[in-house]
Amino acid sequence: AQKVTQAQTEISVVEKEDVTLDCVYETRDTTYYLFWYKQPPSGELVFLIRRNSFDEQNEISGRYSWNFQKSTSSFNFTITASQVVDSAVYFCALSEARGNTPLVFGKGTRLSVIA
Amino acid sequence: EPEVTQTPSHQVTQMGQEVILRCVPISNHLYFYWYRQILGQKVEFLVSFYNNEISEKSEIFDDQFSVERPDGSNFTLKIRSTKLEDSAMYFCASSDGLSSSTDTQYFGPGTRLTVL
């Protein structure tokens, strides 16, 4: 069975600090997809990134970066120079690679960025 | 940019009543999903729908739930006889379904269901 663990329930940082959100996953599949979604206080789920299991290159998008390490089954998310607008709950999710399959979410990490 | 829309944003109902939650997926998407999030908890999969039939469903999706695509644009979730524990945020999502390499699910803003 698939499982996603986000051990950090809540994190508080001061604006401009860097912060890393941890995600560890379990799956028996050899190929799979990993995702991060952001849920701001308004409640919607905003897609941030999708990573295929066969592509272990790290990715950077502006202040966001993702570190995928298959050897440790981790897909961590770093926000550089955090801003108050980054305050949200961040969910890591996993799905099978056969396409259009259910997402298995972690419990989320609530990030509070203090001005 | 195309987006998933959901109505209503908030629904309050009495226990035992039927509710229908509505979603308009992204127009060229072929796969549709419902998820729910009980307050403060993680997002859980309910059901996926493709080609006018259920593709997959979770244990949560029991006989009290049903889904339908009544026309070319809407996708609905019906709860026949609501229970207090059905109170949650319900998210609709869609993906293009063209290939496994492009099946990112995009979520709507959610409907908050409160059962009294």
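Predicted model only: the values in this text are computed from it and were never measured. Chain identifiers are assigned alphabetically (A, B, ...) following the order of the sequence lines, protein sequences preceding nucleic acid strands; residue numbering begins at 1 within each chain.
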From [atom1] ([X]) to [atom2] ([Y]), nearest 0.5 Å:
| X | Y | atom1 | atom2 | value |
| --- | --- | --- | --- | --- |
| A:L103 | B:F107 | CG | CZ | 5.0 Å |
| A:E44 | B:E3 | CD | CD | 10.0 Å |
| A:L45 | B:C92 | CG | SG | 12.0 Å |

Please check if atom [atom1] in [X] has more than 12 non-hydrogen atoms from other residues, nucleotides or ligands closer than 6.0 Å.
| X | atom1 | answer |
| --- | --- | --- |
| B:L116 | CG | yes |
| A:K70 | NZ | yes |
| B:L39 | CG | no |
| A:Q57 | CD | no |
| A:K107 | NZ | no |
| A:D55 | CG | yes |

| message | Looking only at heavy atoms and a cut-off of under 4.5 Å, which of B:S48, B:P109, B:G110 has the most pairs with chain A? | response |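 Sorted descending by pairs with chain A, the first entry is B:P109.
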
[X] versus chain A, the contacting section by heavy-atom distance below 4.5 Å:
| X | value |
| --- | --- |
| B:Q105 | both |
| B:Q37 | side chain |
| B:Y35 | side chain |

| What part of A:Q6 lies closer than 4.5 angstrom to a heavy atom of chain B: side chain, backbone, both or neither? |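 Looking at A:Q6, nothing touches chain B.
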
| A:T101 versus chain B, the contacting section by heavy-atom distance below 4.5 Å |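 Its backbone and side chain both get close to chain B.
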
| Pick from A:R110, A:E96, A:Q39 with the largest number of heavy-atom pairs that fall under 4.5 Å of chain B |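 Option with the greatest count: A:Q39.
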
| said: I need the minimum non-hydrogen distance between B:F91 and A:G43, along with the two atoms involved. | reply: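 Shortest heavy-atom contact: CZ-O, 3.2 Å.
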
| said: When you group the ILVMFWY residues by side-chain heavy-atom contacts below 4.5 Å and let the links chain together, are B:V19 and B:V47 in the same group? | reply: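 Per the 4.5 Å side-chain linkage, B:V47 and B:V19 are co-clustered.
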
| field | Note, A:Y33 side chain near B:T104 side chain (heavy atom, < 4.5 Å) | value |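 Of all side-chain heavy-atom pairs linking B:T104 with A:Y33, none is under 4.5 Å.
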
